[in-house]
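Beneath this line is the structure, given in structure tokens, with notes to follow.
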Amino acid sequence: MIVAVIRPHKLHDVKSSLMDLGVLGMTVTDVRGCGRQKGHVERYRGSEYTIDLLAKIRLEIVVEDEQIETVLATIQRSAYTGEIGDGKIFVMPVEQSIRVRTGDRGSDSL
Ligand SMILES: Nc1ncnc2c1ncn2[C@@H]1O[C@H](COP(=O)(O)OP(=O)(O)OP(=O)(O)O)[C@@H](O)[C@H]1O
Ligand SMILES: [Mg+2]
């Protein structure tokens, strides 16, 4: 499972490039978060004592192992602006997956 935290205004670009890859399913959540700058656009005196949480989008995409690198590269390219706060991508194992309607499991369920 690839979990990507991206800028809200990049969702459209990221989503359409994933669609172009043939990615079928994804989960999108509105979240708030901070990274190294603790949510501050600029560092300023005292900022280390406060943390602001900025609006971000969290994408969850479960894919076959062979697709991981392509999906990672696509998300990184389409979520990029070059400014701080562009986001972060995590990869984690998934133990099982089941399509509720059919009972399909594993690859067949994606
Ligand atoms: N270590 C982390 N664990 C969980 N979520 C994180 C982590 N780092 C960043 N995030 C999430 O990603 C969002 C964007 O992080 P951000 O791009 O600011 O990372 P960064 O490490 O500060 O990189 P940059 O210096 O480019 O800003 C955060 O708002 C938060 O939601
Ligand atoms: Mg940051």
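Both ligands and their constituent atoms are indexed starting at 1 by order of listing. Nothing here was measured: the structure is a model prediction, and the numbers come from that model. Just so you know, residue 1 is the first one in the sequence shown, and it goes up from there.
For atom 3 (N) of ligand 1, the nearest protein heavy atom (residue, atom name, distance) is Phe90 CZ, 3.7 Å. What sits closest to atom 30 (C) of ligand 1 on the protein, heavy atoms only, is Cys34 O, 3.4 Å. Looking from atom 31 (O) of ligand 1 to the surrounding protein, the closest heavy atom is Gly33 CA, 3.3 Å. Ranking protein heavy atoms by distance to atom 25 (O) of ligand 1, first place goes to Arg36 NH2, 2.8 Å.
Comparing Ile84, Val5, Ile6, Leu54 by heavy-atom distance to atom 11 (C) of ligand 1, the nearest is Val5.
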| request: Please test Glu83 against Arg7 for side chain to side chain contact (heavy atoms under 4.5 Å, CB included), starting from the C-alpha separation and ending with a verdict. | output: CA-CA 11 Å; Glu83 302 295 320; Arg7 296 182 190 276; 3.6 Å; yes
| said: Go through it in stages, so that I can follow the logic: the residues are Ile57 and Val5, the test is side chain to side chain contact (heavy atoms under 4.5 Å, CB included), and I'd like the CA-CA distance, side-chain angles, deciding distance and then a yes or no. | reply: CA-CA 6 Å; Ile57 293 283; Val5 184; over 6 Å; no
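Checking only distances, Gln37 does come within under 3.5 Å of ligand 1, N or O to N or O. Checked by distance only, ligand 1 and Gly87 come closer than 3.5 Å through their nitrogen or oxygen atoms.
Considering only heavy atoms from C-beta on, Asp104 stays 4.5 Å or farther from Ile98 through its side chain. Side-chain contact between Ile2 and Leu72 is present, with at least one heavy-atom pair separated by less than 4.5 Å.
Annotation for Gln76: atom CD does not count as buried by contact number, only 12 or fewer foreign heavy atoms lying within 6.0 Å. Other residues, nucleotides and ligands place more than 12 heavy atoms under 6.0 Å from the CZ atom of Arg99. The 12-atom threshold is exceeded at CG of Asp20, counting heavy atoms of other residues, nucleotides or ligands nearer than 6.0 Å.
In the vicinity of Lys88, heavy-atom distances shorter than 4.0 Å reach the ligand 1 atoms 7 (C), 8 (N), 9 (C), 19 (O), 20 (P), 21 (O). Atoms of ligand 1 found under 4.0 Å from any heavy atom of Gly85, numbered from 1 in the order shown, are 16 (P), 17 (O), 18 (O), 24 (P), 26 (O), 27 (O). Close approach of ligand 1 to Lys56 (heavy-atom distance below 4.0 Å) involves ligand atoms 29 (O).
Residue Asp86 places a heavy atom less than 4.0 Å from ligand 1.
Linking Ile, Leu, Val, Met, Phe, Trp and Tyr residues whenever their side-chain heavy atoms come within less than 4.5 Å places Val91 and Ile61 in a single cluster.
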